[in-house]
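So the structure is just underneath, and the comments pick up after that.
Throughout, protein chains are lettered first and strands after them, A, B, ... in sequence-line order, and every chain is numbered starting at 1. In this text the structure is predicted, and so the values were computed from the model without any measurement.
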Amino acid sequence: MDAITPTRLGRGFYTRDVLEVAPDLLGKLVILADSEGKELRYRITETEAYRGEEDRACHASKGRTSRTEIMFHAGGSIYVYLIYGMYWMFNVVSSEAGIPQAVLIRALEGYPGPGKLSRALGIDGSLYGIDLVSSDRIWIGDDGNIPAYITAPRIGIEYAASPWKEKDWRYLVKNEG
DNA sequence: AACACGATTTCG
DNA sequence: GAAATCGTGTTT
């Protein structure tokens, strides 16, 4: 069994609409080095789409601020923020510049839960704004895995108005999560 | 300067 | 069901 060398996702993958990027990230590999420099790979099994200023569940619906700034840039950068004072949420920016969108990585194979996966991988605020297309610290690879998936409403956004809180913009690999 | 709250997790 | 815990946006 030869191990397949993953190909790094390029700019074009990320600059599409978040409703295409979020499901397409399922099965892809988050690749980074651990504290000893060893390369680690984690397969994405669950994502959620946050789509523009009109999406009341998206942080960018509050407008352009120091926190949401990166979402207004072209896709491919990392958006991370601290929630409840203790958990870092790992997001991937999508779309063209000027259209704020991001994909929340909700689960990796073996690491269900956005807060738990960040803790396991050591993801924190220092990753804010890092470009996944050019960074040598963290990137996303494709090894040809294209899993079947299901959709569902997003979690933890009850505060958002309709129709946004009812959108089926959560994507889960079938038989996982 | 003070306040309210959250794209979660864990414990009781 | 409720606490933990703090950066960010909003109000004073």
Nucleotide paired to dT5(C) in any strand shown, Watson-Crick or G-U, under 3.5 Å: none

Any strand: nucleotide that pairs with dA7(B) via Watson-Crick or wobble, under 3.5 Å: none

Rounding to an integer number of Å, can you tell me how far [X] [atom1] sits from [N] [atom2]?
| X | N | atom1 | atom2 | result |
| --- | --- | --- | --- | --- |
| Met86(A) | dC5(B) | CE | P | 17 Å |
| Phe90(A) | dA7(B) | CZ | C1' | 15 Å |
| Tyr79(A) | dG6(B) | OH | P | 14 Å |
| Ile155(A) | dG6(B) | CD1 | P | 16 Å |
| Met89(A) | dC6(C) | CE | P | 15 Å |
| Arg106(A) | dA7(B) | CZ | P | 11 Å |
| Arg67(A) | dG7(C) | CZ | P | 13 Å |
| Trp88(A) | dC6(C) | CH2 | P | 11 Å |

Give a yes/no answer on whether the side chain of [X] brings an N or O atom under 4.0 Å of OP1 or OP2 in [N].
| X | N | value |
| --- | --- | --- |
| Ser66(A) | dG9(C) | yes |
| Arg170(A) | dA7(B) | no |
| Tyr87(A) | dA7(B) | no |

Within 6.0 Å of CZ in Arg8(A), more than 12 heavy atoms from elsewhere: yes

Have a look at [X] and say if it touches a base, only the backbone sugar-phosphate, or nothing, with a 4.0 Å heavy-atom cut-off.
| X | value |
| --- | --- |
| Ile157(A) | sugar-phosphate |
| Arg119(A) | sugar-phosphate |
| Gly125(A) | nothing |
| Gly115(A) | sugar-phosphate |
| Arg154(A) | nothing |

Tyr84(A), nearest nucleotide to its side chain (from dA7(B), dC6(C), dT8(B)): dT8(B)

Side chain of Pro114(A) - closest among dA7(B), dT9(B), dG6(B): dT9(B)

Stacking of Tyr50(A) on dA7(B) base (centres under 5.5 Å, planes under 30°): yes

From OG (Ser95(A)) to CZ (Phe72(A)), nearest 0.5 Å: 9.5 Å

Nearest heavy atoms of Thr68(A) and Gly63(A), plus distance in Å: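 That would be OG1-O, 2.8 Å.
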
Candidate pair Trp88(A) and Tyr81(A), rule side-chain contact (heavy atoms from CB on, under 4.5 Å), full reasoning: CA-CA 6 Å; Trp88(A) 292 101; Tyr81(A) 65 91; 5.6 Å; no

Verify same cluster id: Tyr42(A), Tyr149(A) (apolar side-chain graph, 4.5 Å):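 In one cluster: yes.
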
Steps toward side-chain contact (heavy atoms from CB on, under 4.5 Å) verdict (Leu9(A), Leu25(A)): CA-CA 10 Å; Leu9(A) 297 179; Leu25(A) 278 173; 4.1 Å; yes

